[in-house]
Amino acid sequence: KYLFGVIMKSLVFLASNLNDIFYKYIENMEYEIIKIEKSLNTYDSISNHPDIFVFSTGEKLIVDISIYDELKEILGNCVIKGNSQVGKKYPNNIQYNVARVGKYLIHNKKYTDKIIIENSNCQFINVNQGYSKCNTLIVDDNSIITSDKGIYKEVIENGLDALLISQGYIFLKGLEYGFIGGSSVRLKDEIIFYGDISNHPDFKVIKIFIESKNLKIKYFKFLLEDIGSCIVLDRK
């Protein structure tokens, strides 16, 4: 599990207040879970969402200034300090909420932390949506699911495969609704939802789209909730 104090398993960053069934399922897939605790730096609904504070290049983590020291001590040289600190309100809390889909970064470039741009070696797809990671279920390197029409339009124009679904139907405490990227994660050959996606009005097309990519779908029989996109760092 550890080598000279450094975690060697692949990592999944999750919010700190989730159903134990979900944590156990992820652990049984041989991932190490790192929990993001609530921060006073931003508003409560997203205050422990991993995608607000952490971005993964696949090999490195670029993290909010406020959590850099703690993660650097645990994880070592794979952690890079971002250039900005997450603030209370939009758009001052979206700097790290960037969707990386294969060779592309999807975000509102005006607000993207510059360290992400410098370290990602990706082509940029600029969109109006600042919460682009929340809004994007990354199915594979060429495919996404989103409820955001702007993201959908831009990725289609860049040659990616995308499924546009209805907005809403995902719980997010304190707000009208959450997003599909924030309620799901791809691990190995599964797309895993935090809650019962089968109650979503577009479940059938979501399931067909995921299975058409030779992936499985897993969900749990509790309320489908936006918990912040799970951030993954694969350690070979």
Side-chain angles (χ1 to χ4, degrees), residues 1-18 23 26-27 31-101 104-122 124 129-136 138 172 179 181-182 185-187 194 226-236:
K1 185 176 177 181
Y2 297 93
L3 178 64
F4 304 115
V6 178
I7 298 172
M8 294 307 292
K9 285 184 180 179
S10 291
L11 308 177
V12 178
F13 288 79
L14 297 169
S16 59
N17 57 343
L18 307 184
Y23 290 132
I26 302 300
E27 286 172 343
Y31 285 89
E32 185 75 26
I33 292 172
I34 294 182
K35 297 179 182 180
I36 299 294
E37 301 294 336
K38 282 184 174 288
S39 169
L40 297 177
N41 292 346
T42 194
Y43 63 89
D44 187 62
S45 296
I46 62 169
S47 62
N48 64 349
H49 283 197
D51 56 12
I52 296 298
F53 301 95
V54 182
F55 172 84
S56 174
T57 69
E59 299 176 349
K60 301 280 187 179
L61 298 169
I62 299 168
V63 306
D64 176 62
I65 289 172
S66 67
I67 62 171
Y68 170 75
D69 289 340
E70 180 182 359
L71 289 181
K72 178 76 171 179
E73 184 176 349
I74 299 170
L75 301 174
N77 291 333
C78 71
V79 180
I80 300 171
K81 183 190 287 187
N83 187 62
S84 50
Q85 181 165 313
V86 166
K88 205 72 175 177
K89 296 180 180 179
Y90 186 97
N92 296 319
N93 53 18
I94 61 173
Q95 302 96 315
Y96 303 95
N97 199 256
V98 182
R100 182 177 60 85
V101 183
Y104 296 99
L105 294 182
I106 303 169
H107 199 229
N108 187 326
K109 195 172 185 179
K110 180 179 178 181
Y111 302 106
T112 310
D113 189 277
K114 70 176 185 179
I115 305 300
I116 292 176
I117 297 172
E118 291 170 359
N119 284 271
S120 295
N121 194 30
C122 290
F124 213 99
Q129 177 59 255
Y131 293 120
S132 57
K133 184 75 169 79
C134 294
N135 254 286
T136 305
I138 302 166
L172 178 55
F179 300 115
V185 63
R186 176 178 173 173
L187 296 177
Y194 187 75
D226 184 339
I227 56 172
S229 314
C230 309
I231 304 300
V232 182
L233 183 71
D234 287 317
R235 297 163 77 93
K236 306 302 182 185

Using the side chain to side chain contact (heavy atoms under 4.5 Å, CB included) rule, take Arg100 and Ile116 through it: C-alpha gap first, then chi angles, then the decisive distance, then the call. CA-CA 10 Å; Arg100 182 177 60 85; Ile116 292 176; over 6 Å; no

Walk me through whether Thr42 and Asn93 qualify under side chain to side chain donor-acceptor pair (under 3.5 Å). CA-CA 7 Å; Thr42 194; Asn93 53 18; 3.2 Å; yes

Under the side chain to side chain contact (heavy atoms under 4.5 Å, CB included) rule, what do His49 and Asp226 come out as? Steps first, then yes or no, please. CA-CA 9 Å; His49 283 197; Asp226 184 339; 3.7 Å; yes

Hey, mind stepping through Ile94 and Tyr131 against side chain to side chain contact (heavy atoms under 4.5 Å, CB included) and telling me if it holds? CA-CA 6 Å; Ile94 61 173; Tyr131 293 120; 3.4 Å; yes

Going through the checks in order, is the side chain to side chain contact (heavy atoms under 4.5 Å, CB included) test met by Asp113 and Phe55? CA-CA 10 Å; Asp113 189 277; Phe55 172 84; over 6 Å; no

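Closest of all the heavy-atom pairs between Gly130 and Asn108 is CA-CB, 4.3 Å. Heavy-atom minimum distance, Pro50 versus Phe13: CG-O, 3.4 Å. For Thr136 against Ser132, the heavy-atom pair with the smallest separation is OG1-O, 2.6 Å. Looking at every heavy atom in both residues, Gly82 comes nearest to Ile115 through C-CG1, 3.9 Å. The two residues Phe124 and His107 come nearest to each other via the heavy atoms CE2-O, 3.3 Å. Between Val12 and Cys230, the closest heavy-atom pair is CG1-CB, 4.0 Å.
Contact check for Val232 versus Arg186: no side-chain heavy atoms found under the 4.5 Å cut-off. The side-chain heavy atoms of Glu118 and Ile80, taken from C-beta on, include no pair separated by under 4.5 Å. Residues Asn83 and Gln95 fail the side-chain proximity criterion, which asks for heavy atoms closer than 4.5 Å. Two residues are said to be in side-chain contact when any heavy atoms from C-beta on lie closer than 4.5 Å; Cys122 and Tyr104 fail this criterion. Annotation: side chain of Asn41 is in contact with side chain of Gln85 (closest heavy-atom distance under 4.5 Å). Residues Ser66 and Val86 form no side-chain contact, since every pair of their non-hydrogen atoms from C-beta on lies 4.5 Å or further apart. Between Val98 and Lys133 there is no side-chain heavy-atom pair separated by less than 4.5 Å. In this structure, the side chains of Ile34 and Leu71 come closer than 4.5 Å at one or more pairs of heavy atoms.
Proximity of a side-chain donor or acceptor of Asn92 to a complementary backbone N or O of Lys88 within less than 3.5 Å is not detected. In this structure, the side chain of Asn97 engages the main chain of Asp51 through a donor-acceptor pair within 3.5 Å. Between the side chain of Tyr23 and the backbone N or O of Ile33, no donor-acceptor pair lies under 3.5 Å. Using a distance-only test at 3.5 Å, with no hydrogens or angles considered, a donor-acceptor pair links the side chain of Tyr96 to the main chain of Ser84.
The structure places CD1 of Ile67 at 8.5 Å from OG of Ser39, a figure rounded to the nearest 0.5 Å. Rounded to the nearest 0.5 Å, atoms OG1 (Thr112) and CD1 (Ile106) are 11.5 Å apart. Taking OG from Ser229 and CD1 from Ile52, the interatomic distance works out to 8.5 Å, rounded to the nearest 0.5 Å. Once rounded to the nearest 0.5 Å, the distance linking OH of Tyr194 with CG of Leu18 reads 4.5 Å. Atom CD1 of Ile62 sits about 11.5 Å away from atom SG of Cys78, to the nearest 0.5 Å. Rounded to the nearest 0.5 angstrom, Ile26 CD1 and Leu187 CG are separated by 5.0 Å.
Annotation: Glu27, atom CD; neighbour count of heavy atoms from other residues, nucleotides and ligands within 6.0 Å is above 12. Within 6.0 Å of CD in Glu59 there are 12 or fewer heavy atoms belonging to other residues, nucleotides or ligands. Within 6.0 Å of NZ in Lys38 there are more than 12 heavy atoms belonging to other residues, nucleotides or ligands.
Each of Thr57, Val54, Val79, Leu61 was checked for a side-chain contact (heavy atoms from CB on, under 4.5 Å) with Leu233, and the lone residue meeting it is Leu61.
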